Amino acid sequence: MRTLIKHALAATEPTESLTVKGWVRTRRDSKGFSFLELNDGSCLANLQVVVDAGTPGSEHLPHLTTGASVTVDGNLVPSPAAGQKWELRATRIELIGQAEANYPLQKKGHTPEFLRTIAHLRPRSNLFGAVFRTRSRLALAVHQFFQDRDFVYVHTPIITGSDCEGAGEMFRVTALKGNIDDKPQTDFFGRPTYLTVSGQLEGETFACALSNIYTFGPTFRAENSNTARHAAEFWMIEPEMAFCDLEGDMALGEEFIKAMARFALEKCAEDLGLFNKFVDKGLNERLKFVVERPFVRVPYTEAIEILTKAGKKFEFPVEYGLNLQSEHERFLTEEHFKSPVTVFNYPREIKPFYMRLNDDGKTVTAMDVLVPGIGEVIGGAQREERLDQLQENMKYHKLKPEDYWWYLDLRRYGTVPHAGFGLGFERLLMFLTGVQNIRDVIPFARTPGNAEF
RNA sequence: UGCUCAGUCGGAUAAUGAGUAGUCCGCCCGCCUGUUAAGCGGGAUGGUGCUGGUGCGAAUCCAGCCUGAGCAGCCA
């Protein structure tokens, strides 16, 4: 029976006859015995194995180089030396798979850029092991957060027939050979289809039946974006709440970010320690700050005023009716408020058709949550629930209402005020781990020109 | 997609005004009474992203390409 290293290291008393399996991180030889640092990915820490000369299997010790896989039977005993509480005195070791001498992972640190080129091996590094353990736990935290609040998990389709928001390049899905645009009506679905860029519109239909729902799944954008925070394939979380206004939407978004930060601090402490030490020395402090302090809320017009009066030279102009640029968002969250900021009520001309028009006739109920270091992590809105107004919005944005007949039906049959938001899971992970590049928080990044693994 | 920068052994890096491409880690051998990315001594292998150009001679200069990074747009 195999024992995971995390369980062995958490022992409260010495244990006879354990079996562990893992990969050698390093070997240190002394006269008459050797130390092996063994890691099986179950936790950040390695298990120190002591192998005396003459231990069955020790004749293979010379081949137990960094990267080799082994089985070790032994007794878990208190370590007589500083550095670790427990160590395993081997009674038998077995070499499972040797690592060739050119094993690219060395004991010393590597750059994330190099590790990206060996995406199949990088989970064996301390950093990426920690990142992907954290990713797994946070995925659970996302479900817990919503399930605790009676949200229903909805699997919205990955293949979709509508380029719903009318924005964003989409990946075409087809079974046709040759020119796929010739006769889309002969294609598999009888119409042009794409990989989804958002489950929101479908999510709204379920919110207008089950009240509170969320989606959590892969999302695709064919944008030729080359930045540290864009990927062509990423995981998005989209809650949608019936009988909810912008106020409730902002409250949920803020509560969500706080809950995720709290969860990371409590449940990912060991891995967070690595991030705090080697990736971002201010991480723990920032996460605690986010948990403890209320988010600042500021209307778009006020944000514009703050930026105008800041007396700071921006590369891009600050003017009502223009989008906030990354530099503006960063100024607000990192310099002016020094805390997460929720900006709301944006001019209608820079936001999509489905957002609810405010009484001023100029702004819509949009909200963006900005966090230090990342910028926009949440984008959401109260939806336009009035049929006439929604049709008017579509005209304003030059969309054809007939393409959205089922979406409009929601406003015909028992319409309700409702609201929701979209949150990029990878951006959340960047915020929680301090990792600066989205390609380093997703197992196999899909970016322009990159689908090797 | 635009602007900027960068590509040197398996990894991290050095090099002159163009003149034998050096070092550390790793690997191999030996030593070391318990090590902590162990330490000490010795050794071998191995590299200038690609294509072309200028030169007696190119890692170095020039052109194009490829790849990566940073910033920006699009956004989550």
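Bear in mind that the values here come from a model prediction, so they are computed numbers and not experimental data. Every chain is numbered from 1 and lettered A, B, ... according to where its sequence line falls, protein lines coming before strand lines.
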Practice problem: Under 4.0 Å between any heavy atoms, over every strand shown, what does A:Phe425 touch: base, sugar-phosphate, or nothing? Just pick one. | Solution: nothing
Exercise. State which of B:C28, B:C32, B:G73 makes the closest approach to the side chain of A:Asp29.
Key: B:C32
Quiz item: What about A:Phe216 and A:Phe146, are their ring centers closer than 6.0 Å?
Solution: no
Quiz item: Is any side-chain N or O of A:Arg439 closer than 4.0 Å to OP1 or OP2 of B:A69?
Solution: yes
Quiz item: When we call it a touch if two heavy atoms are under 4.0 Å apart, what does A:Pro80 touch: a base, just sugar-phosphate, or nothing?
Solution: base
Quiz item: At under 4.0 Å between heavy atoms, what does A:Ser34 touch on the DNA or RNA strands: base, sugar-phosphate, or nothing?
Solution: nothing
Exercise. Have a look at A:Gln106 and say if it touches a base, only the backbone sugar-phosphate, or nothing, with a 4.0 Å heavy-atom cut-off.
Key: base
Quiz item: Considering only side-chain heavy atoms of A:Arg28, which listed nucleotide, B:C25, B:C28, B:U35, is closest?
Solution: B:U35
Quiz prompt | A:Glu100 CD to B:U45 P, straight-line distance once rounded to whole Å | solution = 20 Å
Quiz prompt | Listed nucleotide nearest any side-chain atom of A:Ser79, set B:G73, B:G34, B:C71 | solution = B:G34
Exercise. Round to the nearest Å and state the distance from A:Ile350 atom CD1 to B:G73 atom P.
Key: 13 Å
Self-check item: Nearest-angstrom distance from the residue atom CG of A:Leu115 to P of B:G10
Solution: 17 Å
Self-check item: Nucleotide nearest A:Arg116 when distance is taken to its side chain, options B:G34, B:A69, B:A76
Solution: B:A69
Quiz item: What does A:Ile378 touch in the nucleic acid at a heavy-atom separation under 4.0 angstrom: a base, only the sugar-phosphate, or nothing?
Solution: sugar-phosphate
Exercise. Determine the contact category for A:Asn437: base if any of its heavy atoms lies under 4.0 Å from a base atom, sugar-phosphate if only primed atoms, P, OP1 or OP2 are that close, otherwise nothing.
Key: sugar-phosphate
Practice problem: Select one nucleotide: of B:C28, B:G73, B:U36, the one nearest the side-chain heavy atoms of A:Gln48. | Solution: B:U36
Practice problem: For A:Arg330, report the nucleic acid contact type (base, sugar-phosphate, nothing); a contact means any heavy atom under 4.0 Å. | Solution: sugar-phosphate
Quiz item: A:Glu87 side chain: which of B:C75, B:A72, B:U35 is closest?
Solution: B:U35
Quiz prompt | Pi stacking test for A:Phe35 and B:A38: under 5.5 Å apart, planes under 30° | solution = no
Quiz item: Are side-chain N/O atoms of A:Ser326 and A:Arg229 paired as donor and acceptor at under 3.5 Å?
Solution: yes
Practice problem: Tell me yes or no: between the side chains of A:Gln147 and A:Tyr214, is some donor less than 3.5 Å from an acceptor? | Solution: yes
Practice problem: Figure out the CG/P separation between A:Asn102 and B:C28, and round it to whole Å. | Solution: 12 Å
Quiz item: Is the A:Tyr153-A:His143 ring centre distance short of 6.0 angstrom?
Solution: yes
Exercise. Nearest whole angstrom, please: distance from the P of B:G46 to the OH of A:Tyr103.
Key: 24 Å
Quiz item: With sugar-phosphate meaning primed atoms plus P, OP1 and OP2, does A:Thr26 contact a base, only sugar-phosphate, or nothing at under 4.0 Å between heavy atoms?
Solution: sugar-phosphate
Quiz item: Roughly how far apart, to the nearest Å, are B:G11 and B:C56 at atom P?
Solution: 36 Å
